[in-house]
Amino acid sequence: MTPASVVAPAEDPKRLADFEARIARGETIEPKDWMPERYRRQLIRMMSQHAHSEVVGMLPEGNWITRAPSLRRKMSLMAKVQDEAGHGLYIYCGTETLGVDRHDLILQLLAGTAKYSSIFNYPTISWADMGAIGWLVDGAAIVNQTMLAKASYGPYARAMVRICKEENFHKRQGFEIMTVLSGGTPEQHAMAQDSLNRWWWPSLMMFGPHDADSPNSGELSRWGIKRKSNDELRQRFVNMTVAQAKAINLTIPDEGMRFNEATANWEFSAINWDDFWRVVKGDGPCNRERLAARRKAHDDGAWVREAAAAHAAKQTESTEAAA
Amino acid sequence: MSSESRDNPLPLWEVFLQPPGGAAHEHAGSVHAGDKEMALQAARDVYARRGEAVSIWVVPSEQITASTPEDMGPFFEPGNDKAYRHPQFYKVPPGVRVS
Amino acid sequence: MSEPFFEYLLRLGDDRLVLGHRLSEWCGHGPTLEEDIALTNIALDLVGEANLVLQRAGQIEGAGRDQDALAYLRTDREYRNALMVELPKGDFGYSIVRQFLFSTYAMHQWEALSACADTDLAGIAAKALKQSRYHVRHSAEWLVRLGGGTDESHGRAEDALNDLWRYTGELFATDAVEQALVKQKLAVDSSSLEAVWRRDVADVVARATLTLPPDGYMQRGGRAGGHTEHLGLMLAEMQVLPRTYPGAKW
């Protein structure tokens, strides 16, 4: 099924062939270059979803800034959530090079017509969730973003390079929180394990549906926007995470998980995709709260943005009057 | 909200940072802001949080004039075959260091 | 009574911790993404300053309490911040006006403390002075835009200024604790900061086309542990984990 927003007119076959040859040669596509309309629309869809995810992603962690248990933790959590605002901003800027305005993209998010990563529709109910999110959610995001830093669209790839550089600390701070909790009091260890139990499966779902069920994947990979498949990236993430969990004495909540000697992969049990689609379609535990919080911030900020614009307009008028 | 019609996007500014160590300003990204002072502050807060810059330029995006993909041939290809502009074009006796 | 310099450091540290905490409540809820990031930068600066000042306070006290013990295991009656910084964050105009009034005070305070006889505090002051100069610039420029923006923003900024004015007097109140330290060059006489603060504030308020409120009764009590109803609630939230799991490390 193709969303209506990405249906586009047929392209001139010669230009399309030239374009695809450029991608095949590994050239970067820049904003003013000719591009197929579907490439442009797919990028706007994917980049704005990514930016929305960063911005909505501030909320579950922002929930614990005022309760961080030490000054050091408080500062690193603030810096991390702030980075997410920055990353959202970088990607919105990249999307704006495709001829759309951030303001309109945000209105789509607030209207509920744009998607964002479903992982942020789960609640953060304990401090350990700050650890699990940094370790698993940022860990999964890094796997994904490292690939996107080689995306064919220049502004997207460059935003990703900046983001990957900044994100190095996110995963480490999350893993450090988990390490300290797991090695702490029995109550803290239980808090860490409980958090891993809740975030493990949603983290695996972050990579998206299986390749066979992923409607946009073929085109995205042919045009060099996604250079690895959902399943490949998911497997890379699992292989990396198993050893990390073991090192800090936590158990991955999958009794069926086993190591395949031949492929050197940790094979995991079947993912519950019904749960995934339920959350994507709006019935996750926090979908409504997340959008309500973003709407409130936007509405509460309207008078501030108007004041900034009005003041600037008055200054321009008085400068022109003086000239 | 009734204010939606008034809530227009603030102008876009391109941000250029000069890194420490004497390199030239380089494009970092963009910000939305009402005026140049707020654009400068936003650029500082958004793009120089980790000591990335010793100087910042902000320029209204609409003020930038750029070459187009159609200019690519006439603008840049004539420069590609002028080997005499590159030091490797000139021979130096073996064992002598000129630069 | 506890050691005067310890007491003085608590005043400095608590002002910044409480205001930084209030400002951090904006993170994820700002009027634009750019401003969300800017407010969080200032909050980070303030909590960072508090971290250093409270660490020094713990050293001066010499009772084995570090900055976290001081931040997380004191009751509101033991907090020494001025009342202004503990008030709920309000709307963006309220937060900006408070930030401007406080940062202007803090900037002059840090400037004077850069010459403090305690070299640790002098070092903290020198670094914090640079930060607070930016805080003043940021909040002053916003205040000018809110005051000179729309009728609504002008009204909101004016309301905030009128509401907050009654809490400004406490910033410049001096007492025996402070006076004893002033003689040893360990503290700045708060009353000496008022004239220059007023000059700066009047200048920006005029640029913002706002009106300076008349000096009525000034609320005070924070320096002696007598707080508003808001601080207890704020600390209940902030301290929940260390209080619930005594002795745990995080």
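Throughout, a chain's letter reflects where its sequence line sits, starting with A, and its residues are numbered from 1.
Within the 4.5 angstrom heavy-atom criterion, atoms from both the backbone and the side chain of C:Asn41 approach chain A. Looking at A:Arg73, the atoms closer than 4.5 Å to chain C (heavy atoms on both sides) all sit in the side chain, from C-beta outward. Neither the backbone nor the side chain of A:Val56 comes within less than 4.5 Å of any heavy atom in chain C. Looking at C:Tyr72, the atoms closer than 4.5 Å to chain A (heavy atoms on both sides) all sit in the side chain, from C-beta outward. Contacts of C:Val47 with chain A are made by both backbone and side-chain atoms, with heavy-atom separations under 4.5 Å. For C:Asp36, the part sitting under 4.5 Å from any heavy atom of chain A is the side chain, from C-beta outward, and nothing else. Of the two parts of A:Met191, only the side chain, counted from C-beta on, holds a non-hydrogen atom closer than 4.5 Å to a non-hydrogen atom of chain C. Contact of A:Gln82 with chain C is made through backbone and side chain together, with heavy-atom distances under 4.5 Å. Neither the backbone nor the side chain of C:Leu39 comes within contact range of chain A, judged by heavy atoms closer than 4.5 Å. In this structure, the portion of A:Leu59 lying under 4.5 Å from any heavy atom of chain C is its side chain and not its backbone. For C:Arg156, the part lying under 4.5 angstrom from a heavy atom of chain A is the side chain only.
At a threshold of 4.5 Å between non-hydrogen side-chain atoms, the residues A:Asp300 and C:Asp91 do not count as touching. A 4.5 Å side-chain heavy-atom check between C:Trp142 and A:Val304 finds at least one atom pair inside the cut-off. Side-chain contact check for C:Leu33 versus A:Val55: some heavy-atom pair is nearer than 4.5 Å.
At distances below 3.5 Å, not a single donor-acceptor pair connects side-chain atoms of C:Arg145 with backbone N or O atoms of A:Ala312. Listed for the C:Lys249 side chain is no donor-acceptor partner under 3.5 Å among the backbone atoms of A:Gly184. Side chain of C:Asp68 to main chain of A:Leu71: a donor-acceptor pair is present (N/O by atom type, distance under 3.5 Å, no hydrogens or angles). Counting only distance, with no hydrogens or angles, the side chain of A:Arg305 and the backbone of C:Pro31 share a donor-acceptor pair below 3.5 Å.
Side-chain contact annotation: C:Glu237 with A:Thr66, donor-acceptor N/O pair under 3.5 Å present.
Distance check: A:Ile65 CD1 to C:Thr40 OG1 gives 6.5 Å after rounding to the nearest 0.5 Å.
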Output, in order, the C-alpha distance, side-chain angles, deciding distance and verdict of side-chain contact (heavy atoms from CB on, under 4.5 Å) for C:Trp250 and A:Gln188. CA-CA 9 Å; C:Trp250 303 93; A:Gln188 286 177 306; 3.5 Å; yes

Evaluate side-chain contact (heavy atoms from CB on, under 4.5 Å) for A:Met58 paired with C:His29, printing each intermediate quantity in order. CA-CA 9 Å; A:Met58 297 172 75; C:His29 308 278; over 6 Å; no

Step by step, work out the side-chain contact (heavy atoms from CB on, under 4.5 Å) result for C:Thr150 and A:Trp303. CA-CA 8 Å; C:Thr150 62; A:Trp303 71 271; 5.6 Å; no

Go through the steps for A:Trp64 and C:Leu241 under the test side-chain contact (heavy atoms from CB on, under 4.5 Å), then give the verdict. CA-CA 11 Å; A:Trp64 282 87; C:Leu241 286 169; 4.0 Å; yes

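Ion pairing between a basic and an acidic side chain is recognised when a charged N comes within 4.0 Å of a carboxylate O; C:Glu34 and A:Arg102 show such pairing.
Ranking A:Lys296, A:His311, A:Arg294 against chain C, the residue ahead of the rest is A:His311, based on heavy-atom pairs under 4.5 Å. When A:Ala308, A:Ala68, A:Gly62, A:Gly88 are compared by the number of non-hydrogen pairs under 4.5 Å with chain C, A:Ala68 comes out ahead.
In the displayed structure, A:Lys314 atom NZ is contacted under 6.0 Å by more than 12 heavy atoms of other residues, nucleotides or ligands. The neighbour count for C:Arg243 CZ, taken as heavy atoms of other residues, nucleotides or ligands under 6.0 Å away, is above 12.
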